[in-house]
Amino acid sequence: MKNPEIKITETSLLSDNWYILNKVTFSYQKENEAPQTHTREVYDRGNGAGILLYNSTKKTVILTRQFRLPSFLNGNKTGMMIEVCAGLLDKDNPETAIIRETEEETGYRISKVQKVFETYMSPGAVTEILYLFVGEYNESMKVSEGGGLDSEQENIEVLEYTFDEAYAMIESGEISDAKTILLLQHAKIKGLI
């Protein structure tokens, strides 16, 4: 199948409160067919990065726990989510951003990360590309308690689990965040821990 021809015909700003929400009208034309007009809302929050911090000697991982309003609004009774450390790029390259976010959120100052892959987490509505990494940590890298930035109203709890405990939390439903599941499965498949 040949790719359709796409032409953006109109973009209207619906909201620029926290991030950008646009209404986009476009023409979608398949080979040998008349063009069809579609309208979609597209949320642009910028690109982000996430990292699974692991300690191969202790066989542990560092995760975070924080309140996520959208999950609360859609059935998560407490709104609390257990996740890998993650954040927006904020105009940095993905590696620089995740090293910064790691120290802000977890209190660990790492200098080396390994890119696993990049993914669109919700391509039907959100433009974000999420760059996913793994990185080793040890106690000598701990420079603060973490918890996020007050200026960003972050209230992040730093958690350390054995890898087996964290992996079992996928099946139990305690971990339901997609990026965290992907990175824990990557670690399992690659035998990182």
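Keep in mind the model is a prediction, meaning the values are calculated, not measured. Residue indices begin at 1 and follow the sequence shown.
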Across all chains, not counting sequence neighbours, the ring pair (Phe, Tyr, Trp, His ring centres under 6.0 Å) partners of Phe133 are none
Which residues satisfy the salt bridge (Lys or Arg N to Asp or Glu O under 4.0 Å) test with Glu10, sequence neighbours excluded? none
Do Arg100 and Asp90 come close enough that some side-chain heavy atom pair is under 4.5 Å? yes
Will you find, in the side chains of Glu136 and Ser56, an N or O donor that is under 3.5 Å from an N or O acceptor? yes
If you round to the nearest 0.5 Å, how far is NZ of Lys30 from CD of Gln36? 6.0 Å
Output every pair passing side-chain hydrogen bond (donor to acceptor under 3.5 Å, both in side chains) with a member in residues 174-184, not counting sequence neighbours, ordered by first then second residue. Glu83-Lys179, Ser172-Glu174, Asp177-Lys179, Asp177-Thr180
Whichever hydrophobic residues join Met80 through chains of side-chain contacts under 4.5 Å: Phe67, Leu69, Phe72, Leu73
Straight-line distance of Glu118 CD to Asn47 CG, nearest 0.5 Å: 9.0 Å
Ser111 versus Ile99: any side-chain heavy-atom pair under 4.5 Å? no
Ile181 CD1 to Met169 CE distance, which is reported to the nearest 0.5 Å: 11.0 Å
Cluster companions of Met81 among Ile, Leu, Val, Met, Phe, Trp, Tyr (side-chain spacing under 4.5 Å): none
Among all residues two or more places apart in sequence or in another chain, which pass the salt bridge (Lys or Arg N to Asp or Glu O under 4.0 Å) test with Glu41? none
Listed partners of Asp164 passing side chain to side chain contact (heavy atoms under 4.5 Å, CB included), at least two apart: Thr162
Can you get from Val113 to Leu88 by hopping between Ile, Leu, Val, Met, Phe, Trp and Tyr side chains that sit under 4.5 Å apart? no
Going by heavy atoms in the side chains, are Ile62 and Thr60 under 4.5 Å from each other? no
Determine, step by step, whether Val84 and Ile51 satisfy the side chain to side chain contact (heavy atoms under 4.5 Å, CB included) criterion, reporting the C-alpha distance in whole Å, the side-chain angles of both residues, the deciding distance to 0.1 Å, and the verdict. CA-CA 6 Å; Val84 293; Ile51 188 168; 5.8 Å; no
Establish whether Val42 and Ile8 are linked, either directly or via other cluster members, by ILVMFWY side-chain heavy-atom contacts under 4.5 Å. yes
Could you pull out the closest heavy-atom pair between Lys59 and Ile193, with the gap in Å? CA-CG2, 3.4 Å
Could you go through the side chain to side chain contact (heavy atoms under 4.5 Å, CB included) check for Leu182 and Val116 one step at a time? CA-CA 10 Å; Leu182 287 169; Val116 176; over 6 Å; no
Let me confirm one number: the NZ-CD1 distance from Lys142 to Ile110, rounded to the nearest 0.5 Å. 13.0 Å
Scan for ring-ring contact (aromatic ring centres under 6.0 Å, His included) pairs involving residues 101-120, sequence neighbours excluded, and state none if there are none. Tyr108-Tyr137
So, do Glu101 and Cys85 sit near enough that their side-chain heavy atoms are less than 4.5 Å apart? yes
Between His38 and Thr25, is the side chain to side chain contact (heavy atoms under 4.5 Å, CB included) condition met? List the steps. CA-CA 6 Å; His38 297 268; Thr25 304; over 6 Å; no
Does any N or O in the side chain of Ser71 come within less than 3.5 Å of the main-chain N or O of Asn76, such that one atom is a donor and the other an acceptor? no
Backbone N/O of Asp92 and side chain of Thr96: donor-acceptor pair under 3.5 Å: no
According to salt bridge (Lys or Arg N to Asp or Glu O under 4.0 Å), who are the partners of Glu139, at least two apart in sequence or on a separate chain? Lys58
Looking only at non-hydrogen atoms, find the nearest pair between Pro94 and Ala49 and report the distance. O-CB, 4.1 Å
Working to the nearest 0.5 Å, report the span between NZ of Lys115 and CD1 of Ile98. 13.0 Å
Are Ile82 and Leu184 connected, step by step, through hydrophobic side chains (Ile, Leu, Val, Met, Phe, Trp, Tyr) whose heavy atoms are closer than 4.5 Å? yes
Does one hydrophobic cluster hold both Leu192 and Met141, with members joined at side-chain heavy-atom distances below 4.5 Å? no
Would you give me the side-chain donor-acceptor pairs under 3.5 Å for residues 123-132, sequence neighbours excluded?
residue	atom	partner	partner atom	Å
Thr127	OG1	Asp44	OD1	3.3
Glu128	OE1	Arg45	NH1	3.3
Glu128	OE2	Arg45	NH1	2.8

Can you confirm whether Ile20 sits close enough to Tyr43 that some side-chain heavy atom of one is under 4.5 Å from a side-chain heavy atom of the other? no
With hydrophobic residues grouped by side-chain heavy-atom distances under 4.5 Å, do Tyr19 and Leu13 end up in a single group? no
For the CG atom on Asp16, are there more than 12 heavy atoms of other groups (residues, nucleotides or ligands in this structure) within a distance under 6.0 Å? yes
Give the C-alpha distance, both sets of side-chain angles, the deciding distance and a yes or no for side chain to side chain contact (heavy atoms under 4.5 Å, CB included) between Leu14 and Asn22. CA-CA 5 Å; Leu14 298 178; Asn22 283 315; over 6 Å; no
Across all chains, not counting sequence neighbours, the salt bridge (Lys or Arg N to Asp or Glu O under 4.0 Å) partners of Glu157 are Arg65
Which ring-ring contact (aromatic ring centres under 6.0 Å, His included) pairs, counting each pair once, include a residue from residues 166-193, with sequence neighbours left out? Phe163-Tyr167
Given the rule in the side chain to side chain donor-acceptor pair (under 3.5 Å) test, do Asn17 and Ser15 qualify, once you have shown the distances and angles that lead to the verdict? CA-CA 6 Å; Asn17 185 24; Ser15 176; 5.4 Å; no
Can you tell me if Asn93 uses its side chain to pair, donor with acceptor, with the backbone of Glu95 under 3.5 Å? yes
Under the criterion side-chain contact (heavy atoms from CB on, under 4.5 Å), which of Thr106, Val134, Val158, Val61 is the partner of Leu53? Thr106
Quick one: pull up CD in Glu5 and CD in Glu33 and give me the separation to the nearest 0.5 Å. 13.0 Å
